[in-house]
Structure formats: C-alpha cells, structure tokens
Visitor: 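If you scroll down you'll find the structure; I have some questions about it.
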Amino acid sequence: MTLSAPCCHRRWPSIPFPFSAFPFPAKLSIHKNLVYYGKRIERGVPMLDLKLMQKNPEIVRESLKKRSSKIDVQEFTDLDVKRKTLIAEVEALKAEKNAVGPEIAKRKKAGEDASDLLKKMGEVSARTKELDAKLSTVEAAQKEWMMSVPNIPHESVPLGASEEDNSVLRYWGDKPELDFEPKEHWEIGTALGGLDFECAAKLAGSRFAISYGWCARLERALAQLMLDTQTTMHGYTEVVPPFMVNRKTMTGTGQLPKFEEDLFKVEGTDYFLIPTAEVPLTNIYAGEIIDEAMLPIKFCAHTPCFRSEAGSYGKDTKGLIRQHQFHKVEMVNFSHPDKSYEALEEMTAAAEKILQLLNIPYRVIALCTGDMGFGAAKTYDIEVWLPGQNLYREISSCSNCGDFQARRANIKFQPTDSKKKQYVHTLNGSGLAVGRCLVAVMENYQQADGSIVIPDALKPYMGGLEVVKA
RNA sequence: GGAGAGGUAGCGAAGUCCGGCCGUAACGCGCUCGACUCGAAAUCGAGUUAUGGGUCAAACCAUACGUGGGUUCGAAUCCCACCCUCUCCGCCA
C-alpha cells in the first residue's frame, strides 16, 4: 500500500532480458526541514545513534577499540554535558521571550507604555545571543566528533588489526593449469596492441590507461554482461547517475569530511568526481521517506570511478590494478533493517555470479574489524585469482552499512504497522570492478602463444570472437 | 548566460504588500481509527511533522516556512547574499 503521495515512489514494471526496469522515485519529496547542513543537523544530529552514545558509550568505546581507532569517547561525553547545560539555559530564556512577546504587542496595541518590558527583553535577547553562540561552538565540535567516528562493526565480524586477520570463507573454481610461465595482464594486453600505458601517461599522467580495439570492446562486453546479469537475474534496476556530485552527497555516504584527499574535486565548483557509484545511488533517497512496501530497493549502475589514490604511492604502479579512473558496476540495496544481513549474502552472491559465469576462480573473505571501511558494519571481499601475479586480488567489496549512511543522508522508511519512521539499512557492493575483471580475464584465459581465449559468456558481447591473437 | 515566477507539513495550497493569538500552520487531498452499512462507495466524527531538551513514561519546553546572515523586544512576513525548481530567450552535444 502506498502510504502517502503515490506518485512519489513508484515501481517499474519488469521487462524480460535484455531489458529490465524496476523501481525508482519518479518524483522526490524532500523533507525540507531535514536538509543536511540546516539547523537540524547542527542540533546534534547523530551519525551514530545519539541515545546510544549517551546511554551506552561503552559500546562505542568498544567498537572504536576493535577498529584500533584513537578516537576518545570521553570527548563526546564532556561535550554532551556542556551542550545540555547550555540548552537548558538558552531554552528557558527563549521561553520567557515567547511568553512576554504577546504582552508587548497587547500593550502597544492599547497604546500603553511597554518600555520596561522592552528593556528587559533587550537584555534577555543579548544574553540569548551570547549563549547561542557558545552552544553552536559546542554543537559544532560535537558534530565534528560524530562525523569522524566509523560505523560499529556487526558482532559476526572477525576481530583483528589488519588484513592479516581477515578470514577466508570459501573458494570457488579451479585455478587454470598453465604449462608455461603465466604473464601479467599488462604484458599480455600491450603485446596484443590492446593496452597502452605510455600514451595514457602522455595524455594525462601516471595511473591512466588507454584501451584499443579488442581490449576496449572486451571491457565494454564485461560491463554489459555484469549489467545484464544484475538487472535480469538479480532484480537490480539499472541507473545512470551523475558522475559528479556535491559535497552534501559525498557527506551522506561518508566519503566526506574525512577522506577528501582521496577524491578529485572540480576546481571552482562544489563538484567532486565520484569514487564509486555507491555515492550517487545511495543518495538517491537522501532526505526521503520510503514506503515499507517498496523495500528492498535495488539499484545498479555502470559508471567511471575516480580516485586520487593519495597515500598509495608506489603501490601497483604497473598495469590496470590501481588507476585514477576505472569502470565499475556497482550495486546498492536499500533494505529493511531486519533483512539487511540476508541482503548482504544475496548481494555477495550476485557479485560472485559474474565470476562464475566467466569461470574464473575466486575466494570470498570476511574483513576483520581493523580492515573494514569507515561506514561498513560488515564487509565481504571477493578476491579473484590472477595467475600472472600468482595471487588473489580484490575485485569486489560488498558491505552492509546498517543505518550509518541512512543517518547521515537521512533515509527513512515508513513502516506499515507503525507510525514511527525508521532508518533503512544501506548496502553496497561492486558487481564487479570492470577494469580488474578485465585483468582477470586476460590472465586466466591467456595461452602459451600469447593469445587470449574469450570466455563463453562474453562471446555474444564480442560479436562471436573466439580468441584474441597477434 | 539574460528575463520572469516560485520554494510553507505525506501532497497541493492560504498567509508575505500593512512584523506580534498564522506553525501541533486556514482550506483541499491522502492516510489511520471510529460511526453508518450485509459489505462497499458516499457521508459524518476524531486523529495525522521532525529534531533536540525534559520525564520511568507523560505533561511540558525549544527549534525549523529553500540555505546562511542582518534589522528588531519580536521575522514566514522587512533587508542582503547564496542554492534549487519551473517558464521564456540565448548558446550548445
């Protein structure tokens, strides 16, 4: 049942392969009073549950410890005490102001003298202004603290300090048995005329690549396969979002304010290039109230992603693994809080499906508390086998963010059986990183003669091409 | 980029010229509960923002009329800056 305005949120009719259509908001109804940088958020808007912070600060303290974070909960508690004291005083003054106001109006209307009240209120007003200023300082500090606190890990997340402590959950597929020394993808791709890093460096700089001919097409084919699979097999609605978004949007999903140096910003504007489609997709429902019957809402998008890779100097300098610009098919799920962990399993399976279709071996790992991203409550990484590098490399990361992003971006749903609006849970996952998948295809399907066999699943997208050779 | 119109609750919309019982915000729609009905429609009645403070829970108090400032004892209303939407014009893939 639609709760309110039925035009605001709508389900698309589903269309069979190769086209599909699913739900998206035809028209967004924004809650004007819930906009991020308005006074609402200044009044102590929680990134974590404020009540939880107040009543059970030890839970947050514990969480921060698990993440090896140095953030001090006591700072928050001290600020909170200050804030409450100030609020009590300010609000008492404002209540007085509101009580006396009509009296002044009444006297003036009757032509009586109100100068005593005016004088008194002048003092009250001055005092209020003073306290308000103090209050906003405290609130700003508290907000800053809140914004820098990472999400609380789910209880099922393995404890650990670094990637060493991640746990492998399962392996899939058999590593190809190669009776020759496997090459790395950049060698194979360059030799076949498909990849050119030198020219890309001329055009832009390091960490860029150019694909030509078969390689460009192969990349497109992979993206197509991914989109078609996610939309037709797994119920995701394909979206083409903006590739640049504003600061507010970046804050909603947690990239800002903490990680600005990882982003590319368009100078002279408020625009940032998206580091992942998670940002625009999740924020589609920012400030919205979703009807419970609409859940889960599942979006996927094929977009370029831009990352400055600050802090990874010297890492993966060769090849396609770590680029400033790469393509990714991203999945986002707005889930009912009770079902988000099921949804995480589903989403991970949807990402795995792509590698299964390509018949490329991979493993799934559960990230430990110390290795998880800022907004994640639980994360699975899918690591694909790369014979050239002789190791598993991350090709997908699927996270349940719980209500962390929903709080920042103000995404709620209206339960059917209750009046109280609740935060949704948001999930995001790569399904998959296209560039790294291209690497995986090249390395796993390479032949002794330097050619690449096209995986069966990609042949329809490659115009029937069977093999790429010199 | 130029000109004009607009931004008020789930939606639509009044109020803005002339500042003060107009913000649990008129009026309409929707939604929830109830009455009527065999049932439904229609009709009638009641209810229906969020956040913060406060409380065992309430009562109660404060804040929010696109955003941010200013004037004032007091601002949806007056002043300044900015953002967004719509219409027309220009430019453009």
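Keep in mind that the numbers below use all heavy atoms, side chains included, and drop hydrogens, waters and symmetry copies. Residue numbers begin at 1 in each chain, while the letters A, B, ... track the order of the sequences.
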Visitor: Atom CG of A:Leu93 and atom P of B:G74: how far apart are they, to the nearest Å?
Guide: 13 Å
Visitor: Roughly how far apart, to the nearest Å, are B:G6 and B:G66 at atom P?
Guide: 13 Å
Visitor: Side chain of A:Lys108 only, please: which of B:G20, B:A50, B:U63 is the nearest?
Guide: B:G20
Visitor: Judged by modelled atom types alone, do A:Thr77 and A:Asp80 share a side-chain donor-acceptor pair under 3.5 Å?
Guide: no
Visitor: Would you please indicate if the ring centroids of A:Phe272 and A:Phe306 are separated by under 6.0 Å?
Guide: no
Visitor: Between B:A64 atom C1' and A:Lys94 atom NZ, what is the distance in whole Å?
Guide: 11 Å
Visitor: Spell out yes or no: do the side chain of A:Glu91 and the base of B:G54 have one donor N/O and one acceptor N/O closer than 3.5 Å?
Guide: no
Visitor: Do A:Phe299 and A:Tyr236 have ring centres separated by under 6.0 Å?
Guide: no
Visitor: Using a cut-off of 4.0 Å on non-hydrogen atoms, how would the nucleic acid contact of A:Ala95 be classed: base, sugar-phosphate, or nothing?
Guide: sugar-phosphate
Visitor: Please state how far atom CG in A:Asn246 lies from atom P in B:C83, giving the value in whole angstrom units.
Guide: 13 Å
Visitor: Say we look at B:C92 and B:G19: how far apart would their C1' atoms be, to the nearest angstrom?
Guide: 47 Å
Visitor: Side-chain N or O of A:Ser125 versus OP1/OP2 of B:U72: is the shortest distance under 4.0 Å?
Guide: no
Visitor: Expressed in angstrom and rounded to an integer, what is the separation of A:Glu288 atom CD from B:A50 atom C1'?
Guide: 15 Å
Visitor: Taking for each residue the nucleotide of RNA chain B with the nearest heavy atom, is it A:Asn98 or A:Met121 whose nucleotide lies nearer the 5' end?
Guide: A:Asn98
Visitor: With sugar-phosphate meaning primed atoms plus P, OP1 and OP2, does A:Lys119 contact a base, only sugar-phosphate, or nothing at under 4.0 Å between heavy atoms?
Guide: nothing
Visitor: Please find out if less than 6.0 Å separates the ring center of A:His425 from that of A:His336.
Guide: no
Visitor: Without decimals, in angstroms, what is the distance between A:Leu86 CG and B:A62 C1'?
Guide: 14 Å
Visitor: In whole angstrom, give me the gap between the C1' atoms of B:U55 and B:C60.
Guide: 10 Å
Visitor: For A:Gly373 and A:Arg67, which heavy atoms make the closest approach, and how far apart are they?
Guide: O-NH1, 3.0 Å
Visitor: What distance, rounded to whole Å, do you find between the two C1' atoms, one in B:C61 and one in B:G70?
Guide: 28 Å
Visitor: Can you see if the side chain of A:Lys412 gets near the phosphate of B:U51 - specifically, an N or O under 4.0 Å from OP1 or OP2?
Guide: yes
Visitor: If B:A64 has a Watson-Crick or G-U wobble mate with both distances under 3.5 Å, name it; if not, just say none.
Guide: B:U49
Visitor: Is there a Watson-Crick or G-U wobble partner for B:C91 with both distances under 3.5 Å, and which nucleotide is it?
Guide: none
Visitor: When the distance from CD of A:Gln414 to P of B:U49 is rounded to whole Å, what number comes out?
Guide: 11 Å
Visitor: Can you find a side chain N or O atom of A:Arg107 that sits less than 4.0 Å from OP1 or OP2 on B:G20?
Guide: no
Visitor: Using purine N1 to pyrimidine N3 plus N6-O4 or O6-N4 for Watson-Crick, or N1-O2 and O6-N3 for G-U wobble, each under 3.5 Å, what pairs with B:A75?
Guide: none
Visitor: Who does B:G4 pair with, Watson-Crick or G-U, both distances under 3.5 Å?
Guide: B:C86
Visitor: Salt bridge check, A:Lys298 against A:Glu238: does any charged N sit closer than 4.0 Å to a carboxylate O?
Guide: no
Visitor: Just checking, is any N or O donor in the side chain of A:Lys328 or A:Thr276 under 3.5 Å from an acceptor N or O on the other one?
Guide: yes
Visitor: Just checking, is any N or O donor in the side chain of A:Tyr380 or A:Lys378 under 3.5 Å from an acceptor N or O on the other one?
Guide: yes
Visitor: Starting at the 5' end of RNA chain B, which residue's closest nucleotide do you reach first, A:Ala105 or A:Lys129?
Guide: A:Ala105
Visitor: Ignoring the backbone of A:Lys97, work out which of B:G20, B:U63, B:A50 is nearest its side chain.
Guide: B:U63
Visitor: Does B:A42 have a Watson-Crick or wobble mate here (both distances under 3.5 Å), and if so which one?
Guide: none
Visitor: Let me know the distance between CZ of A:Phe413 and P of B:G10, rounded to the nearest Å.
Guide: 17 Å
Visitor: Whole angstrom is fine here: how far is it from CG in A:Asp291 over to C1' in B:G10?
Guide: 11 Å
Visitor: Once you apply the 3.5 Å cut-off to both distances, tell me the Watson-Crick or G-U wobble partner of B:A25, or none.
Guide: none
Visitor: Between B:G20, B:A62, B:U71, spot the one nearest the side chain of A:Ile104, thanks.
Guide: B:G20
Visitor: Describe the nucleic acid contact of A:Leu118 in one word from base, sugar-phosphate, nothing, applying a heavy-atom distance below 4.0 Å.
Guide: base
Visitor: Could you work out the separation of B:A14 and B:G54 based on their P atoms and round it to a whole Å?
Guide: 40 Å
Visitor: Taking atom C1' in both B:C29 and B:A9, compute the distance separating them and give it to the nearest angstrom.
Guide: 13 Å
Visitor: What's the gap between B:A50 and B:G10 when it is taken at their P atoms, as a whole Å value?
Guide: 7 Å
Visitor: Taking atom C1' in both B:A76 and B:C18, compute the distance separating them and give it to the nearest angstrom.
Guide: 15 Å
